[in-house]
Visitor: 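Quick one: this structure, given as structure tokens, is what I'll be asking you about.
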Number of protein chains: 2
Amino acid sequence: MKLNTKSRYAVMALADMAVFSRNNAVSLRDISLRQGISLLYLEQIFLRLKKNNVVKSVRGINGGYILVKSPKDLKISDILLALDQKVKTVGCKKESKKSCNGKSTKCITHHFWDELDIYINSFFENKKLSDLLKIERQEYK
Amino acid sequence: MKLNTKSRYAVMALADMAVFSRNNAVSLRDISLRQGISLLYLEQIFLRLKKNNVVKSVRGINGGYILVKSPKDLKISDILLALDQKVKTVGCKKESKKSCNGKSTKCITHHFWDELDIYINSFFENKKLSDLLKIERQEYK
DNA sequence: CAAAAACTTGACTATTTTAGTCGGGTATAT
DNA sequence: ATATACCCGACTAAAATAGTCAAGTTTTTG
Ligand code: FES
Ligand code: FES
């Protein structure tokens with residue numbers, strides 16, 4: 001049960017922006033250098049963040065990205081959602097008639113995993129980007 | 001963020017045992033038929049459950065497996081642990097000096113993922129196998 | 001004893017997912 | 001003009017996953 005790097009880097013990059021932007025756009029190049037994330041990979045990630053309205057872009061020479069919401073209002077779940085990373089610990093969909101094992105009845109553990117999904121998602125729902133910064137600010141210059 | 005099938009099938013199979021054993025050993029063949037899980041795959045899973053003392057085996061003709069603890073006392077985390085599925089949402093190890101991005105300092109989001117891991121693990125720590133059955137019993141014959 | 005049921009074990013493999021890279025754009029400030 | 005930085009689809013190497021296979025051993029029962 002691992003988070004993929006895309007989600008992790010997204011959160012990392014947005015946290016970086018929250019720390020280093022002073023109301024101006026932050027370029028991916030800077031984020032890449034500070035956080036040690038491949039620039040090309042960041043581009044791919046920010047494409048989706050932009051499409052899902054988490055950031056907006058400024059093109060041209062002093063361009064970069066800007067957070068749409070303030071870190072206080074940006075839920076971590078918004079970030080994960082932008083990257084299709086809704087937590088779904090098992091493949092079995094709530095809606096579909098078919099259960100995970102192909103049978104028509106739900107498997108014996110179905111409800112349990114549902115409960116787990118809700119539990120984890122609520123963690124991400126209740127955390128804001130600003131919550132990360134509070135804790136890390138002392139350690140990180 | 002998905003659970004692998006090994007862990008899911010393990011929980012499923014043990015729940016099956018809890019329901020269908022009447023103090024006698026339950027054969028993998030029966031579990032396989034009831035739950036629709038490949039027998040060969042179950043063998044692989046139970047090997048580990050046995051090594052980690054979650055079940056014990058009875059060989060020979062009316063053999064099978066028996067839960068070591070009662071469902072009331074068997075934590076879901078014990079099951080996951082037996083399958084090396086400790087929840088570790090990011091690759092970065094607590095102990096190691098190296099952080100996830102290869103730098104010597106921990107990344108800006110490190111603490112957050114730590115918190116998440118603890119949160120999720122506590123879910124598994126606090127759930128017992130018997131908790132699954134309570135809920136499912138009505139739905140499942 | 002023989003045969004069948006059921007556990008034991010390591011190795012092997014196809015498929016899928018992940019974690020990126022690449023190439024060729026377009027917009028804009030100076 | 002030109003450098004900087006976003007834009008976007010397609011591609012790929014490597015790792016993880018989900019499972020199979022082969023070749024056993026042990027124990028019960030007829
Ligand atoms: S039927 Fe939903 S998890 Fe198995
Ligand atoms: S340094 Fe630990 S998660 Fe990045």
Side-chain angles (χ1 to χ4, degrees), chain A residues 1-10 12-13 17 21 24-33 35-68 80 83-85 88-92 100-102, chain B residues 1-10 12-13 17 21 24-33 35-68 80 83-85 88-92 100-102:
Chain A
M1 183 127 90
K2 234 182 203 164
L3 212 61
N4 61 18
T5 54
K6 252 174 199 152
S7 309
R8 209 184 52 197
Y9 288 168
M12 212 162 147
M17 283 177 69
S21 97
N24 48 336
V26 179
S27 74
L28 294 188
R29 195 178 139 276
D30 287 354
I31 298 176
S32 166
L33 289 172
Q35 304 300 332
I37 304 170
S38 145
L39 174 61
L40 267 45
Y41 205 24
L42 277 176
E43 288 187 345
Q44 204 184 101
I45 292 166
F46 272 73
L47 201 64
R48 318 212 59 179
L49 291 175
K50 190 195 166 179
K51 266 186 185 145
N52 287 281
N53 215 41
V54 174
V55 295
K56 58 190 171 189
S57 64
V58 179
R59 299 184 81 150
I61 203 149
N62 279 314
Y65 288 93
I66 297 173
L67 290 169
V68 168
L80 300 187
L83 295 163
D84 280 343
Q85 272 307 118
K88 226 176 42 187
T89 50
V90 292
C92 167
C100 65
N101 50 17
Chain B
M1 182 128 86
K2 233 182 205 162
L3 212 61
N4 61 19
T5 55
K6 254 174 198 150
S7 310
R8 209 184 51 195
Y9 289 168
M12 213 163 148
M17 285 177 68
S21 98
N24 48 337
V26 180
S27 74
L28 294 188
R29 195 178 139 276
D30 287 354
I31 298 175
S32 166
L33 289 173
Q35 303 302 330
I37 304 170
S38 145
L39 175 60
L40 268 45
Y41 206 24
L42 275 177
E43 289 185 344
Q44 204 185 101
I45 291 166
F46 272 74
L47 199 65
R48 317 212 60 178
L49 291 175
K50 190 195 166 177
K51 266 186 186 147
N52 288 279
N53 215 42
V54 174
V55 295
K56 58 189 171 190
S57 64
V58 178
R59 299 184 81 150
I61 201 148
N62 278 310
Y65 289 92
I66 297 172
L67 291 170
V68 168
L80 300 187
L83 295 164
D84 280 343
Q85 271 307 117
K88 228 177 40 186
T89 50
V90 292
C92 167
C100 64
N101 49 18

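Remember, predicted model here, so these are calculated numbers, not experimental data. Chain letters run A, B, ... following the sequence lines, proteins first, then strands; residues in each count from 1.
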Visitor: Once you round it to whole Å, what is the distance between P of dC8(D) and CG of L49(A)?
Guide: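 About 14 Å, once rounded to whole Å.
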Visitor: If I take atom CG in residue L83(A) and atom P in nucleotide dA19(C), what distance separates them, rounded to the nearest angstrom?
Guide: 12 Å
Visitor: With sequence neighbours left out, what residues match K56(B) under side-chain contact (heavy atoms from CB on, under 4.5 Å)?
Guide: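 With sequence neighbours excluded, K56(B) shows a side-chain contact (heavy atoms from CB on, under 4.5 Å) to I66(B), V68(B), given in chain and number order.
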Visitor: For nucleotides 5-8 of chain C, give me every protein contact, N/O to N/O, under 3.5 Å, one pair per line with atom names.
Guide:
residue: dA5(C); atom: O3'; partner: I61(B); partner atom: O; Å: 3.4
residue: dA6(C); atom: O4'; partner: G60(B); partner atom: O; Å: 3.3
residue: dC7(C); atom: OP1; partner: G64(B); partner atom: N; Å: 3.4
residue: dC7(C); atom: O3'; partner: S57(B); partner atom: OG; Å: 3.4
residue: dC7(C); atom: O2; partner: R59(B); partner atom: NH2; Å: 3.3
residue: dT8(C); atom: OP1; partner: K50(B); partner atom: NZ; Å: 2.4
residue: dT8(C); atom: OP1; partner: S57(B); partner atom: OG; Å: 3.0
residue: dT8(C); atom: OP2; partner: Y65(B); partner atom: OH; Å: 2.7

Visitor: Quick check for you: to the nearest 0.5 Å, what is the distance between N62(A) atom CG and N24(A) atom CG?
Guide: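 CG of N24(A) is found 8.5 Å from CG of N62(A).
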Visitor: Distance check needed: dT28(D) C1' versus N24(B) CG, whole Å only.
Guide: 15 Å
Visitor: Give, for atom CG of N52(B) and atom CG of L47(B), the distance between the pair rounded to the nearest 0.5 Å.
Guide: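 Result: 10.0 Å between the selected atoms.
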Visitor: For the atom pair CZ (R8(B)) and CG (L83(B)), what is the distance rounded to the nearest 0.5 Å?
Guide: 13.0 Å
Visitor: Y65(A) versus I31(A): any side-chain heavy-atom pair under 4.5 Å?
Guide: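 A side-chain contact under 4.5 Å is absent here.
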Visitor: Taking atom CG of L49(B) and atom NZ of K51(B), what is their separation to the nearest 0.5 Å?
Guide: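 Separation between the atoms: 11.5 Å.
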Visitor: Using whole Å, what does the distance between atom C1' of nucleotide dC7(D) and atom NZ of K56(A) come to?
Guide: 18 Å
Visitor: Please tabulate, one pair per line, each protein N/O and nucleotide N/O from nucleotides 12-19 of chain D that are separated by under 3.5 Å, including the distance.
Guide:
residue: dA18(D); atom: OP1; partner: T5(B); partner atom: N; Å: 3.3
residue: dA18(D); atom: OP2; partner: T5(B); partner atom: N; Å: 3.0
residue: dA18(D); atom: OP2; partner: T5(B); partner atom: OG1; Å: 3.2
residue: dA18(D); atom: O5'; partner: T5(B); partner atom: OG1; Å: 3.2
residue: dG19(D); atom: OP2; partner: Y9(B); partner atom: OH; Å: 3.3

Visitor: Quick one: CG on L39(B) to CZ on R29(B), what's the gap to the nearest 0.5 Å?
Guide: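 So the CG of L39(B) and the CZ of R29(B) are separated by 9.0 Å.
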Visitor: Can you classify the ring geometry of Y41(B) versus Y9(B) as parallel (below 30°), tilted (30 to 60°) or perpendicular (above 60°)?
Guide: perpendicular
Visitor: Nearest whole angstrom, please: distance from the P of dA5(D) to the CG of L33(A).
Guide: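 It is 10 Å, rounded to the nearest whole Å.
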